[in-house]
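Take a look at the structure below.
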Amino acid sequence: MKKIGLFYSFNSNKTALIGKKIIEAFGDVDIEIINAEEVSEETFSKFDNIIAGVPTWFDGELPNYWDEFVPAMEDLNLKNKKVAIYGLGDQKGYPENFNDGIGLFAKLVEKQGAQVIGFTSIEGYTYENSAAQIGNQFCGLCLDQENQGRLSKKRIQDWVETLKKEFY
Ligand SMILES: Cc1cc2nc3c(=O)[nH]c(=O)nc-3n(C[C@H](O)[C@H](O)[C@H](O)COP(=O)(O)O)c2cc1C
């Protein structure tokens with residue numbers, strides 16, 4: 001498998017912790033970690049396999065650090081790149097916008113030509129609305145440390161197994 005670029009905010013608590021668990025689940029796969037707070041066009045586009053950690057903030061919005069990257073992202077050519085997105089959200093606190101960030105981010109990278117991979121089932125979650133939902137799947141890995149933290153380990157392991165098959 002080609003080297004993976006894993007992007008998450010080094011200032012986040014939960015998103016960074018999950019990033020480390022994802023690395024553990026990959027075992028000896030080559031992964032470079034990049035601080036999403038310092039993401040640039042160059043660092044984002046140097047990988048063919050990308051994992052982005054995107055928690056949802058502000059009632060259905062991207063966190064500041066990703067939002068600030070959006071104008072630069074609009075100039076990127078992401079053709080022939082595979083992007084997998086994991087998100088953190090709170091289905092009880094924000095049932096109308098559960099993990100919207102995953103869906104927003106997926107749209108942004110798809111617009112630049114990337115293929116979003118690592119879809120997961122919506123079964124096992126209770127919410128009203130999610131921009132991450134496409135049909136009966138999420139377009140990424142939805143985690144909820146507030147309400148379903150105990151389910152995360154298995155969800156991560158299953159997701160990583162899929163990514164091992166789907167990445168270049
Ligand atoms: C002010 C605020 C707004 C939030 N908005 C949403 C939201 O719209 N949808 C959602 O699913 N989770 C929302 N959350 C929950 C966070 O996504 C969740 O706590 C996540 O674990 C944060 O990860 P981080 O601390 O690594 O950034 C919000 C949390 C806060 C504090």
Side-chain angles (χ1 to χ4, degrees), residues 4-26 29 31-40 43-44 47 49-74 83-111 114 116-160 162-163:
I4 298 170
L6 169 60
F7 296 78
Y8 59 75
S9 161
F10 288 10
N11 292 346
S12 66
N13 291 321
K14 294 175 197 152
T15 306
L17 183 77
I18 298 298
K20 286 170 196 144
K21 304 242 178 251
I22 288 171
I23 295 170
E24 275 172 34
F26 266 105
V29 173
I31 302 180
E32 185 175 330
I33 313 166
I34 297 102
N35 187 356
E37 309 265 350
E38 291 165 9
V39 62
S40 67
T43 51
F44 197 77
F47 302 95
N49 292 333
I50 295 167
I51 301 177
V54 185
T56 301
W57 288 11
F58 312 122
D59 296 350
E61 303 287 336
L62 294 176
N64 293 341
Y65 47 92
W66 280 125
D67 201 42
E68 283 159 15
F69 182 53
V70 171
M73 201 193 268
E74 284 169 354
V83 178
I85 307 156
Y86 73 94
L88 284 84
D90 173 351
Q91 61 201 288
K92 276 198 185 143
Y94 302 88
E96 296 288 339
N97 303 93
F98 180 49
N99 258 304
D100 277 2
I102 294 178
L104 297 176
F105 201 86
K107 279 217 169 101
L108 286 166
V109 294
E110 274 176 347
K111 206 169 139 214
V116 175
I117 62 160
F119 282 43
T120 57
S121 170
I122 57 167
E123 269 177 44
Y125 302 83
T126 307
Y127 59 93
E128 299 293 326
N129 242 301
S130 174
Q133 187 179 337
I134 299 173
N136 59 0
Q137 289 190 304
F138 291 121
C139 56
L141 173 65
C142 272
L143 298 172
D144 181 342
Q145 295 303 100
E146 269 86 355
N147 307 294
Q148 296 185 330
R150 283 198 206 144
L151 302 182
S152 293
K153 191 174 176 191
K154 170 92 167 63
R155 284 174 174 166
I156 291 166
Q157 277 170 350
D158 291 348
W159 192 59
V160 166
T162 327
L163 297 189

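Atoms within a ligand are numbered from 1 in the order they appear, just like the ligands themselves.
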I'd like to check which ligand 1 atoms, numbered from 1 as shown, lie under 4.0 Å from a non-hydrogen atom of Asp59.
5 (N), 8 (O)

Do Leu62 and Val70 make a side-chain contact, defined as non-hydrogen atoms from C-beta onward lying under 4.5 Å apart?
yes

Atom 8 (O) of ligand 1 - nearest protein heavy atom and its distance
Gly60 N, 2.6 Å

Between Glu146 and ligand 1, which part of the residue brings a heavy atom under 4.0 Å of the ligand: side chain, backbone, both or neither?
side chain

Just checking, any donor-acceptor pair under 3.5 angstrom between side chains of Thr126 and Gln91?
no

Minimum non-hydrogen distance to atom 16 (C) of ligand 1, winning option of Leu17, Thr56, Asn11
Thr56

Short N or O distance, Asp90 and ligand 1, threshold 3.5 Å exclusive
yes

Protein residue, atom and distance nearest to atom 26 (O) of ligand 1, heavy-atom basis
Thr15 OG1, 2.6 Å

Can you pull out the closest protein heavy atom to atom 31 (C) of ligand 1? Residue, atom name and distance to 0.1 Å, please.
Tyr94 OH, 4.3 Å

Is it the case that ligand 1 has an N or O less than 3.5 angstrom from some N or O of Pro55?
no

Proximity of Asn99 to ligand 1 by residue part, where a heavy atom lies under 4.0 Å
backbone

Tell me: protein heavy atom nearest atom 9 (N) of ligand 1, and distance?
Asn97 O, 2.9 Å

In terms of relative ring orientation, are Tyr65 and Trp57 parallel, tilted or perpendicular, with 30° and 60° separating the classes?
perpendicular

Below 4.0 angstrom from a heavy atom of Gly89, which ligand 1 atoms are there? Numbered from 1 as shown, please.
10 (C), 11 (O), 12 (N), 17 (O)

Which part of Trp57 is near ligand 1, with near meaning a heavy atom under 4.0 Å away: side chain, backbone, both or neither?
both

Fit a plane to each ring of Tyr127 and Phe98, take the angle between them on a 0 to 90° scale, and name the class: parallel (under 30°), tilted (30 to 60°) or perpendicular (over 60°).
tilted

With a 4.0 Å cut-off on heavy atoms, does Gln145 reach ligand 1?
no

Could you tell me how the ring of Tyr125 sits relative to the ring of Phe138: parallel (under 30°), tilted (30 to 60°) or perpendicular (over 60°)?
perpendicular

